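Predicted model only: the values in this text are computed from it and were never measured. These numbers come from the heavy atoms of this one structure, side chains and all, not from hydrogens, waters or symmetry mates.
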Amino acid sequence: MGVSEAPAEEFTYFCRCDACRCSLFRGDNWYHKPGTNYDLCARDFAKLPEAERQIYVNIASSSDLGIQQNEYILESRQYLARCDSCRKAVSLGEDWYHKQAEGNHDLCAHHFGDLPETTKKDYVKVYASKVLGDRKLQYVLEEDIDITERDLVMVVLDVEGTLMPEAWLELQKKTGIEGLKRTTAHEPDYDKLMRYRINLLREHNIKISDMIEVVKDLKPLPGAKEFLDWLKPLVPRILLLTDTFEEYAMPMFEQLGYPSVFCNSLVVDSDGFICDHILRLKDQKRKAVESFQRLNFRVIAVGDSFNDVSMLTAAERGILIYPSEKVRKAHPEFPVAKDHNDLRAKIGRILSANKQILPKRLADPPPLSSTAGSRTMWLLVCNVAGFLAPEPWLAVQESTRIPELRVTTAQEPDYTKLMALRSSALRTNGVKLQQIVDIMDGLQLLPGATQFLEWLKPIVPRTFMITDGPEEYALPIFDQLEHPMVFCNFFEADDEGFLKRLITRLRSQKLKTVQELQRLNFRIIAVGNSFNDIDMIHAAEKGVLYRPSEAVKKEHPEIPVVTTYDELKGYITEAVERMEPNSKKQKTS
């Protein structure tokens, strides 16, 4: 009789290095200071004086964490209940108490605290799914997302009043028009506010050129640029969500280092007057937060005004900075940062807690058809390996001379099978994970990549770069690109330090990213080169293969092919000009 295979663990153990914030899983790259939540990767551990190193324990197995094991559990499935008293959603952690009896009886920490002491003994804190026993399957949150690494953070920020001065207030200072002092801090209905502003500008003979002259001289608020420079290496996913308009606001975005920006657009008549505004999406800030939560990110949102409240509420963490007294009094539930140094401290505490940020329950995705007829702004989504940077596994192959590593997604479409082949070949040849990381850390951008992205900014000023490779490859590359939006996966080592597996953050992440961006009313140009890029290319409004393998070209002759950055520039220019929406063409008076 054969021996049945033991069921796979439904959780692993995880934290981040307190020095560099890289992911730490069991293996020779995790060093823990017992009795604390202080942890280091091997590289930062080696920097400590010898005496300090004696205190640390290498976490080769879960037992090395001792009584702190429960503090580092990372579940592979998401579990959710609702408090029987207030119906608040509760997830694994400090806020969920479960009654150990028949039926599903659960309380949040607040209502558990209200129980008599004699009743509290019937409940147990649900720090991990195993506490739920035979009933845990009844609490699985069914969603089409692979929850193996959910503690990946994105920071979204408002722009005017948060990072930059209010453009309309600066115009008011220059023109003396009293009515321009009205902002979203006074009028929460942005559509109504803009109609008021447009009428006021025409009445005083103010044109779009006057607005641009004011904006181009604006400087970031004190400490804002330094805050973004501090944040980028800690959270390499930064998105600006603003209700301002790209026709005059591009100089502001340049001042901030050109992070990814979602904004609105204006209609300008033939005389240069603003005659209408196009809100790309109603309540776009909240909907953007919800889209990225569906893409498996936990969101920290920062804003200053009433039109930021919906996104602060939707996010896992919301912070106000420089709010008016009216906003502060109306929303005392949000912490307030008095300046950007204080904002650093508040976000730093969230990131350094070494505790998972519990996800909010996901909002239902609207059908793609809801925006199919109204998408206006262009956005480029691209693969990284083979397009902007070298294929990492070919670099590892060149260094190690292991022939099996020549196979990439350009030849093998089954990514699970491909990673199993790589893991086996590396172990057979005695190559451990740290050696792979060191090789990937030294890779440089492909010639012409930086120049292409500089050319792209004024044509398609929004780019999302995605790799199915690990963060050990992605982060150094994205640092060179100075691009604050990293979508990637994660390596995990086994007890001996060999590559155990690649933890996939989100199944079909490239396709799902395109779809969520389309729900946010963007037209997508997708650029890829491998089998694992095909779905996103098919889903996009325009898709192209960049220097694909013969196998990919042969199997997908329906997709156009380019072989140089110059050819790609021509393809993008033609696509944008051919599909330019009529709604943004200038109207005649």
Side-chain angles (χ1 to χ4, degrees), residues 154-173 177-201 211 215 218 220-221 224 227 239-246 248-249 252-253 256 261-266 274 276-293 299-340 342-343 346-347 360 363 520-521:
M154 172 180 286
V155 175
V156 302
L157 302 114
D158 173 49
V159 176
E160 293 183 81
T162 299
L163 298 170
M164 296 290 295
E166 291 273 2
W168 292 96
L169 292 182
E170 294 300 314
L171 182 64
Q172 191 278 326
K173 290 177 186 177
I177 301 171
E178 193 68 19
L180 291 178
K181 288 182 178 179
R182 186 182 299 185
T183 70
T184 51
H186 312 91
E187 174 52 74
D189 186 332
Y190 198 73
D191 191 55
K192 182 178 177 181
L193 176 63
M194 278 306 302
R195 289 195 300 272
Y196 168 80
R197 286 169 170 170
I198 289 170
N199 291 335
L200 202 59
L201 294 182
M211 191 72 179
V215 170
L218 292 183
L221 292 173
F227 162 76
L239 177 66
L240 305 188
L241 295 177
T242 174
D243 285 331
T244 195
F245 302 92
E246 68 177 1
Y248 67 74
M252 289 200 294
F253 306 150
L256 297 171
V261 181
F262 290 180
C263 56
N264 297 312
S265 57
L266 294 170
I274 301 171
D276 201 358
H277 66 288
I278 302 171
L279 297 182
R280 181 178 48 79
L281 190 66
K282 188 175 182 180
D283 203 3
Q284 63 122 349
K285 296 183 180 183
R286 172 183 63 81
K287 290 177 181 177
V289 167
E290 292 172 349
S291 278
F292 287 106
Q293 287 169 329
V299 180
I300 300 171
V302 183
D304 72 310
S305 197
F306 282 114
N307 66 331
D308 300 317
V309 168
S310 65
M311 80 167 178
L312 300 184
T313 302
E316 275 73 19
R317 297 286 190 275
I319 302 172
L320 285 167
I321 184 170
Y322 303 133
S324 68
E325 194 60 29
K326 187 176 180 181
V327 172
R328 185 197 296 260
K329 286 183 177 179
H331 295 282
E333 69 271 24
F334 299 120
V336 175
K338 63 180 183 293
D339 55 30
H340 287 90
D342 191 24
L343 183 60
K346 284 179 166 53
I347 292 179
K360 291 197 172 179
L520 295 176
N521 233 0

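D304 contributes atom CG, which lies 13.5 Å from atom CD1 of I319 (distance to the nearest 0.5 angstrom). Atom CG of D339 is separated from atom CG of L221 by 11.0 Å, given to the nearest 0.5 angstrom. Going from atom CD1 of I321 over to atom CG of D342 covers 8.0 Å, rounded to the nearest 0.5 Å. Taking NZ from K173 and NZ from K181, the interatomic distance works out to 10.0 Å, rounded to the nearest 0.5 Å. Taking CD1 of I198 as the start and CG of L266 as the end, the distance is 7.0 Å to the nearest 0.5 Å.
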task = Verify side-chain contact (heavy atoms from CB on, under 4.5 Å) between K346 and R317, making sure each step is shown before the conclusion.
result = CA-CA 10 Å; K346 284 179 166 53; R317 297 286 190 275; over 6 Å; no
ask   = Does the pair E166 and Q172 meet the rule for a side-chain hydrogen bond (donor to acceptor under 3.5 Å, both in side chains), with working shown?
value = CA-CA 10 Å; E166 291 273 2; Q172 191 278 326; over 6 Å; no
task = Begin with the C-alpha distance, continue with both residues' side-chain angles, and end with the deciding distance and a verdict on side-chain contact (heavy atoms from CB on, under 4.5 Å) for L157 and V155.
result = CA-CA 7 Å; L157 302 114; V155 175; 3.8 Å; yes
Evaluation steps, side-chain contact (heavy atoms from CB on, under 4.5 Å), between L193 and R182 = CA-CA 8 Å; L193 176 63; R182 186 182 299 185; 3.7 Å; yes
request  = Show your reasoning for whether side-chain contact (heavy atoms from CB on, under 4.5 Å) applies to L281 and F262.
outcome  = CA-CA 10 Å; L281 190 66; F262 290 180; over 6 Å; no
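Judged by distance alone, the side chain of R280 and the main-chain N or O of L520 form a donor-acceptor pair under 3.5 Å. No side-chain donor-acceptor contact under 3.5 Å links Q284 to the backbone of N264. Distance alone, capped at 3.5 Å, places no donor-acceptor pair between the N199 side chain and the Y196 backbone. A donor-acceptor pair under 3.5 Å is absent between the side-chain atoms of K285 and the main chain of V156, judged by distance alone.
Between K287 and E290, none of the side-chain N atoms (NZ, or NE/NH1/NH2) sits under 4.0 Å from a carboxylate O, so this pair counts as no salt bridge.
Residues forming a ring pair (Phe, Tyr, Trp, His ring centres under 6.0 Å) with Y322 (at least two apart in sequence, or on another chain): H340. Under the salt bridge (Lys or Arg N to Asp or Glu O under 4.0 Å) criterion, E160 pairs with no residue at all, not counting sequence neighbours. Every residue meeting the side chain to side chain contact (heavy atoms under 4.5 Å, CB included) condition with E333, not counting sequence neighbours, appears here in chain and number order: H331. Take R195 and apply the side chain to side chain contact (heavy atoms under 4.5 Å, CB included) test, not counting sequence neighbours, and it matches D191, K192, H277. With sequence neighbours excluded, no residue forms a salt bridge (Lys or Arg N to Asp or Glu O under 4.0 Å) with R197. Applying the side chain to side chain contact (heavy atoms under 4.5 Å, CB included) rule to A330 yields the partners F306; only residues at least two apart in sequence or on another chain are considered.
The side-chain heavy atoms of L163 and P220, taken from C-beta on, include no pair separated by under 4.5 Å. Side-chain contact between R286 and V289: absent, with no pair of heavy atoms (C-beta onward) separated by less than 4.5 Å. Here the side chains of L320 and R328 are not in contact, with every heavy-atom distance at 4.5 Å or above. Two residues are said to be in side-chain contact when any heavy atoms from C-beta on lie closer than 4.5 Å; L201 and L171 meet this criterion. At a threshold of 4.5 Å between non-hydrogen side-chain atoms, the residues V327 and F334 do not count as touching. Put simply, the side chain of I274 does not reach to within 4.5 Å of the side chain of F245, judged on heavy atoms. In this structure, the side chains of M164 and F253 stay at 4.5 Å or more apart for every pair of heavy atoms.
Closest non-hydrogen pair, P335 versus G318, comes out as CD-O, 3.2 Å. Heavy-atom minimum distance, G303 versus L312: N-CD2, 3.9 Å. Smallest separation of non-hydrogen atoms from L218 and P165: CD1-O, 4.3 Å. A167 approaches M211 most closely through the heavy-atom pair CB-CE, 3.8 Å.
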